[in-house]
Amino acid sequence: MLKRTHMCGELRSDQSGQTATLAGWVNTYRDQGKGLIFIDLRDRDGMTQIVFDLEDVDEQVVTQARALRREDVIAVKGLVRKREGKANQRLATGEIEIMGTALEVLNKTETPPILPDEHDAEKIAEEKRLQYRYIDLRRPRMQGILRTRYNVTRIARDYFDDNGFLEIETPCLIKTTPEGARDFIVPSRSYPGQWYALPQSPQIFKQILMAAGCDRYLQIVRCFRDEDPRADRQAEFTQIDLEMSFVERDDVISVMAGFAQTLFKQVLNIEIGDIPIMPYKEAMDRFGIDRPDTRFGLELQDISDLAAKTDFRVFSDALAKENGVVKAIRVPGGAEKMSRKVTDGYSEFVKTFGAGGVPTVKYTENGYETGIAKFVGPIADKLKERLALEVGDLVFFSADTNVVATRALGELRNKLARDLELIDKDAWNFLWVVDFPMFEFDPARDRWIALHHPFTGPMPGEEDKLESDPGSCISAAYDLVCNGSEIAGGSIRIHQPQMQQKVFNLLGIDDEEAEQKFGFLLRALRYGAPPMGGIAFGLDRLVMLLVGTNNIRDVIAFPKTQTGQDLMSEAPGPVDPQQLEELNISVNPPEEPV
RNA sequence: GGGGCGGUAGCUCAAUUGGUCAGAGUCCUGGACUGUCGAUCCAGUGGUUGCGGGUUCGAGUCCCGUCCGCCUCGCCA
């Protein structure tokens, strides 16, 4: 085999006159007839033009060169030289070419079903790209994403190593835990009828590592949650998981901010600077969401007090509800930009989040117009003042319970920003969201549920509220948000068994069940667990941000579809009946013979 | 589980009210061309219109079911 001496993106005019051997895939071929054949040869590093002068090479090379087709795998030896024709500005190697003298066809390809061509990559059905993933991944764009992903993990390991973290593996076959997402489960052969679960996160194990005296832990770890995927969510995903001993909230925040700063500096050469901290309540009040995108305005305003003075049924009905509110978003210059049809579209949009719609008014030189203008009369001046309205503005209202109205308007705010192109593409707005409530009351289950997870501790000074008023108890949780995307979330943990037991009880887990489900954690806490806290970064979403895609499948080498299939390997698939028998499993209903 | 969009040649798409609508580009095959670079030019191969029913003289087109992909609500401590 011809041994390569360089990569395809490597050669420059400095190397003119040298002999070089390259190996890779035929990206394109341009057959000029009896005289010349051009090949663009591609590997993961780049592309180099090969030229064969057919009158100047062996007959065998001529024959093989003429037969080359896209995606054939070849090695070529030849002379590096400056191009006779014009340089190709679009190639890093565009100044030079290789005058091919020896050619070895390493693998002649069948006609490829798709081509790794950036020109029409966006057009190829994703189904085909997933099915022939190994071809799609040859694209420079995909190679770049894989490299960025690797860089993120490399930088993480370096940074956290510098800060005293140890990478420690935790098991994939663990015990199922209540709460949280649906578990993937794995049968135990040795214990018929017993099951392992795949970890939704290594949460408990990393806490136990702190109890084990490991002090600072890092793991780049796969997590599994058997829930329906989304554009930014897969059942199988990766966390950069971290935990620290003897720390308080701000210690964790400080170390993790340092990582974010280092990462964005090294990957994008961006200084993100100090990361502001925002309480959860402020995030919800101003942005209607716990991961605000602060790259644009359109902030929410509570106008419940004004709305109470109108005769508008939608407002009064909402305010009559428990925790009923009326909130508004002012869209500067929206009066002209948005037709009735457009605003009706936004009404449909918010209905998907359970809101009844978004009443609107336009504020013009003639005062309030269209929509619910006639109801706004009694509060005309105060509304103008409250929202700082200017002529040409449009106002969206949302009236419902606080939860519903706020959610609807928060989602609408993000959509408006996209539709109106208010987002500065070059901005990287980080913020910490803190002071989350410990619990949320779930009427359906008639009990409290943990907003973060059951191991999250209360903020110092909040402990008494666990008994007196759980709903108002503030937790020591924190989320790192970038451009409206939650890229990390964590908390200071409960490290005392009594406190953990108390929280379990609040969550409807009595002592007996706690002992049965979480006994190993409680015992670890009893036998000396240090104060601890940590965080987990969502690696997939982090890479999505860094490479600018909103498709999580782009940042995973072998992703699954929305129905959990791998179209390339065709998983999941049937197993041999004997395998089931060994595991003492019978499937109900039985598999239909195909 | 619900809602929306889509599935026609290897790939990307077109086909008016149901009526020569089985079509284009590209890939591929063959040919021409000595400086191309998304090469160009000429010719050609290529189809279970996702699958199964139904309506009709006639279905890519209409109806029912089903499978697959994407987006989304629920779900995701």
Side-chain angles (χ1 to χ4, degrees), chain A residues 27-41 47-56 66-67 69-71 83-91 93-94 97 99 109-132 135-136 177-183 200-201 203-204 223-235 237 348-355 407 411 415 438-440 442 444-445 448-456 475 477 486 489 491 503-504 507 509 538 550-551 553 560-563 565 567 570:
Chain A
N27 192 67
T28 50
Y29 63 96
R30 295 178 291 278
D31 186 344
Q32 296 290 300
K34 294 200 170 63
L36 294 173
I37 291 174
F38 296 96
I39 303 289
D40 289 339
L41 192 65
M47 206 120 77
T48 301
Q49 174 167 288
I50 313 293
V51 57
F52 291 104
D53 186 335
L54 299 183
E55 294 190 341
D56 213 32
R66 301 203 78 155
R69 291 297 177 266
R70 302 183 75 163
E71 299 311 308
R83 293 191 182 192
E84 269 182 31
K86 276 188 217 155
N88 185 341
Q89 306 293 338
R90 285 189 291 192
L91 287 184
T93 61
E97 64 191 2
M99 189 71 186
T109 180
E110 290 181 20
T111 302
I114 64 171
L115 289 168
D117 189 336
E118 298 293 350
H119 292 289
D120 44 37
E122 297 303 314
K123 292 192 213 154
I124 297 174
E126 195 176 4
E127 198 174 350
K128 300 293 174 192
R129 293 177 46 206
L130 294 174
Q131 195 176 347
Y132 302 101
I135 301 179
D136 193 49
T177 50
E179 308 275 314
R182 188 179 297 114
D183 279 328
Q200 298 180 28
S201 89
Q203 182 62 39
I204 297 175
C223 303
F224 306 88
R225 295 177 190 176
D226 188 6
E227 303 290 351
D228 290 349
R230 285 286 189 283
D232 62 349
R233 207 168 83 192
Q234 289 256 307
F237 64 99
E348 290 306 309
F349 173 77
V350 299
K351 281 176 189 173
T352 62
F353 305 104
R407 165 107 198 269
E411 298 284 353
K415 183 167 176 58
M438 284 281 288
F439 310 102
E440 219 167 29
D442 180 5
R445 280 174 274 194
W448 296 100
I449 54 173
L451 203 73
H452 189 55
H453 59 52
F455 318 110
T456 295
S475 79
E486 183 199 324
S491 63
V503 169
F504 281 153
L507 296 172
I509 304 170
N550 48 25
N551 180 350
R553 295 175 298 278
K560 292 181 176 58
T561 68
Q562 285 219 19
T563 48
Q565 290 192 59
L567 295 179
E570 298 177 314

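Model, not experiment: these values are computed from the prediction. Throughout, protein chains are lettered first and strands after them, A, B, ... in sequence-line order, and every chain is numbered starting at 1. Basis for what follows: all heavy atoms, side chains included, without hydrogens, waters or symmetry-related copies.
Both A:Leu115 and A:Asp53 sit near RNA chain B, but only A:Leu115 has its closest nucleotide nearer the 5' end. Nearest-nucleotide positions on RNA chain B place A:Asn550 closer to the 5' end than the other of A:Asn550 and A:His452.
Comparing B:rC68, B:rC75, B:rG74 against the side chain of A:Gln565 picks out B:rC68 as the nearest. Comparing B:rU29, B:rA32, B:rC76 by their nearest atom to the side chain of A:Ala181 picks out B:rC76. Counting only heavy atoms from C-beta on, A:Gln49 has its side chain closest to B:rU36 among B:rC75, B:rA77, B:rU36. You'll find that the side chain of A:Thr111 is closest to B:rC27, out of B:rC11, B:rC27, B:rU34. Distances were taken from every side-chain heavy atom of A:Lys86 (C-beta onward) to each of B:rG38, B:rU12, B:rC37; the shortest belongs to B:rC37. When the nucleotides B:rG69, B:rC11, B:rA39 are ranked by their closest atom to the side chain of A:Arg30, B:rA39 comes out on top. When each of B:rC70, B:rC11, B:rG35 is scored by its nearest atom to the side-chain atoms of A:Leu130, the top-ranked nucleotide is B:rC70.
Between the P atom of B:rA39 and the CG atom of A:Leu91 lies a distance of 11 Å, rounded to the nearest Å. Between the CD atom of A:Gln562 and the P atom of B:rG74 there is a distance of 14 Å, rounded to whole Å. In this structure, A:Arg233 places its CZ atom 9 Å from P of B:rG74, rounding to the nearest Å. Atoms CE (A:Met99) and P (B:rU36) sit 15 Å apart, rounded to a whole Å. Atom pair A:Arg70:CZ and B:rU26:P shows a separation of 12 Å (rounding to whole Å applied). Taking atom CG on A:Leu567 and atom C1' on B:rG7, their separation rounds to 14 Å, with Å as the unit. When the P atom of B:rU40 is taken as reference, atom OH of A:Tyr29 falls 11 Å away, rounded to whole Å. Whole-Å rounding puts the A:Lys415 NZ to B:rC73 P distance at 12 Å.
On a pure distance criterion of 3.5 Å, no polar donor-acceptor pair joins the side chain of A:Arg230 and the base of B:rC70.
Remark: side-chain polar atoms of A:Gln234 are paired, donor with acceptor, to backbone N or O of A:Lys560 under 3.5 angstrom.
Heavy atoms of A:Ile124 sit under 4.0 angstrom from primed sugar atoms or phosphate atoms, though from no base atom. Looking at heavy-atom distances under 4.0 Å, A:Phe52 makes no contact with the nucleic acid at all. Residue contacts shown for A:Arg83 include a base, since a base heavy atom lies under 4.0 Å away. Residue contacts for A:Pro113: at a heavy-atom cut-off of 4.0 Å it reaches the sugar-phosphate backbone alone, with no base atom in range. Counting non-hydrogen atoms under 4.0 angstrom, A:Asp31 reaches a base of the nucleic acid.
Between A:Arg30 and A:Asp40, at least one side-chain nitrogen of the basic residue sits less than 4.0 Å from a carboxylate oxygen of the acidic one, meeting the salt-bridge criterion.
If you check B:rC62 for Watson-Crick or wobble pairing at under 3.5 angstrom, you find it paired to B:rG54.
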